[in-house]
Amino acid sequence: MSVKLNTFAKRLSLLHKPGKPVILANVYDGISAKGLRSTAGAQAAATASYAIAAACGVADADLSLEQNLAAIGAVHRVLGDALPLTVDLQDGYGHRLDEAVKRAVHAGAAGCTIEDIHPGDAALMPAKTMAARITRARAVAAECGVPDFVVTAQTDGVRLGAKLDDVISRGNLYLAAGATSVFPWCGREKELSEHDVDLLVRAFQGRLAMTLGTFSVDNLADLGVCRISTGPALMYAKMDLFKRSATALFEGGSLYNIGA
């Protein structure tokens with residue numbers, strides 16, 4: 001499997017093109033993976049730990065490695081060889097980083113996202129510590145036969161009020177450590193401006209990953225990012241459709257106009 005998986009990792013890496021970004025409609029279970037697999041235009045798949053946690057009935061900070069891997073396994077079983085898969089491993093599960101990466105690779109992951117803050121913490125880990133974890137994650141994947149494993153380095157600096165200069169400093173350190181792209185997570189209360197995105201694109205030479213937020217895909221592509229994801233947004237959309245459809249049934253509707 002490792003040879004084929006490394007081929008997928010190379011494919012995933014090549015999809016990260018500044019100005020022509022890979023677009024990731026994040027999945028979180030077998031059903032969402034089935035939907036993605038049958039959707040025209042999908043080039044790769046990515047999980048979202050927040051959505052997986054919600055599906056498990058726990059908070060994102062409480063999502064265990066075992067719960068996360070179970071969902072990743074379900075996603076990969078459905079996707080098969082259709083799409084390369086990158087997975088959200090949160091902070092890498094602390095001292096279990098080697099185990100987390102190894103088991104993710106064995107579950108079919110060609111890449112992962114790891115973040116520079118432990119779930120529930122109020123402060124970022126030291127930048128050099130995060131950089132070392134990125135290097136280690138790639139080394140473990142290489143030991144498993146996937147030397148081209150794709151690491152997306154998430155930094156929560158913007159969410160915690162850091163200046164862009166600090167985000168840039170961290171991001172460049174993470175790229176030098178082996179990350180394919182840098183993903184500045186802003187949380188749900190903040191958002192980068194077009195000017196900020198432009199600065200980060202230039203600072204990272206296009207190796208910037210973004211969630212949509214209020215931006216459009218075309219807008220972010222024009223700004224030069226290399227990766228666009230949705231996070232848990234599609235999970236919320238599915239939940240909203242369920243609520244509206246169930247309400248229609250409770251009010252006397254039928255199954256034939258669900259989602260209309």
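Just so it is clear, the structure is predicted and the values come from calculations on it, not from any experiment.
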Exam field: side chain [X] to backbone [Y], donor-acceptor pair closer than 3.5 Å:
| X | Y | value |
| --- | --- | --- |
| Arg207 | Ala179 | yes |
| Thr86 | Cys112 | yes |
| Thr247 | Lys243 | yes |
| Glu251 | Ala248 | no |
| Asn26 | Thr230 | yes |
| Ser245 | Phe242 | no |
| Asp240 | Ala237 | no |
| Ser64 | Gln67 | yes |
| Thr39 | Ala42 | no |

- Message: Among Val225, Ile168, Val158, Leu223, which residue satisfies the side chain to side chain contact (heavy atoms under 4.5 Å, CB included) criterion with Leu200?
- Response: Ile168
- Message: As a test of understanding, state which of Val101, Ile134, Asp91 forms a side chain to side chain contact (heavy atoms under 4.5 Å, CB included) with Ile114.
- Response: Ile134
With rounding to the nearest 0.5 Å, note down the distance linking [atom1] in [X] to [atom2] in [Y].
| X | Y | atom1 | atom2 | value |
| --- | --- | --- | --- | --- |
| Arg103 | Leu69 | CZ | CG | 5.0 Å |
| Tyr93 | Glu66 | OH | CD | 8.5 Å |
| Glu191 | Cys186 | CD | SG | 7.0 Å |
| Lys10 | Leu5 | NZ | CG | 12.0 Å |
| Ile228 | Asp218 | CD1 | CG | 8.5 Å |
| Leu199 | Glu194 | CG | CD | 12.0 Å |

Of the non-hydrogen atoms in [X] and [Y], which two are nearest, and what is the gap between them?
| X | Y | answer |
| --- | --- | --- |
| Pro184 | Val167 | CB-CG1, 4.4 Å |
| Val75 | Asp29 | CG2-O, 3.7 Å |
| Ala9 | Ala110 | CB-O, 3.6 Å |
| Asn172 | Ala203 | OD1-O, 3.3 Å |
| Ser49 | Leu63 | O-CD2, 3.7 Å |
| Ala45 | Leu83 | N-CB, 4.3 Å |

- Thinking salt bridges, do Asp156 and Arg159 make one under a 4.0 Å N-O criterion? yes
- Message: Regarding Glu99 and Arg96, does a basic nitrogen lie under 4.0 Å from an acidic carboxylate oxygen?
- Response: yes
- Query: Phe183 versus Thr211: any side-chain heavy-atom pair under 4.5 Å?
  - Reply: yes
- Message: In the structure I gave you, are the side-chain heavy atoms of Ser229 and Arg227 within less than 4.5 Å of one another anywhere?
- Response: yes
Cluster link [X] to [Y], ILVMFWY, side chain under 4.5 Å:
| X | Y | value |
| --- | --- | --- |
| Ile72 | Val27 | yes |
| Leu15 | Phe149 | no |
| Val197 | Leu175 | yes |
| Ile52 | Leu85 | yes |
| Leu164 | Phe215 | yes |

- Can you pull the side-chain hydrogen bond (donor to acceptor under 3.5 Å, both in side chains) pairs that have at least one residue in residues 130-142, sequence neighbours excluded? Asp98-Arg136
Looking only at the side chains, is there a donor atom on one of [X] and [Y] sitting less than 3.5 Å from an acceptor on the other?
| X | Y | result |
| --- | --- | --- |
| Glu115 | Thr155 | no |
| Asp88 | Tyr50 | no |
| Ser13 | Asp148 | no |
| Asp166 | Ser169 | no |
| Gln90 | Asn68 | no |

- Query: How far apart are the C-alpha atoms of Ile23 and Gln43, what are their side-chain angles, what is the distance that settles it, and do they pass the side-chain contact (heavy atoms from CB on, under 4.5 Å) test?
  - Reply: CA-CA 8 Å; Ile23 302 166; Gln43 295 181 299; over 6 Å; no
- Query: Could you go step by step and tell me if Lys102 and His106 meet the side-chain contact (heavy atoms from CB on, under 4.5 Å) rule?
  - Reply: CA-CA 6 Å; Lys102 186 178 297 184; His106 289 164; 3.6 Å; yes
- Taking the six-membered ring of Phe8 (Phe, Tyr or Trp), confirm whether the NZ or CZ of Arg11 is under 6.0 Å from its centre and within 45° of its axis. yes
- Message: Using side-chain contact (heavy atoms from CB on, under 4.5 Å), reason through Asp165 and Arg170 one step at a time and then give a plain yes or no.
- Response: CA-CA 9 Å; Asp165 285 347; Arg170 281 180 171 269; over 6 Å; no
- Message: Counting only heavy atoms from other residues, nucleotides and ligands, does the tally under 6.0 Å from NZ of Lys238 exceed 12?
- Response: yes
- Item | Worked verdict on Lys17 versus Cys226 for side-chain contact (heavy atoms from CB on, under 4.5 Å) | CA-CA 5 Å; Lys17 299 176 182 177; Cys226 72; 5.9 Å; no
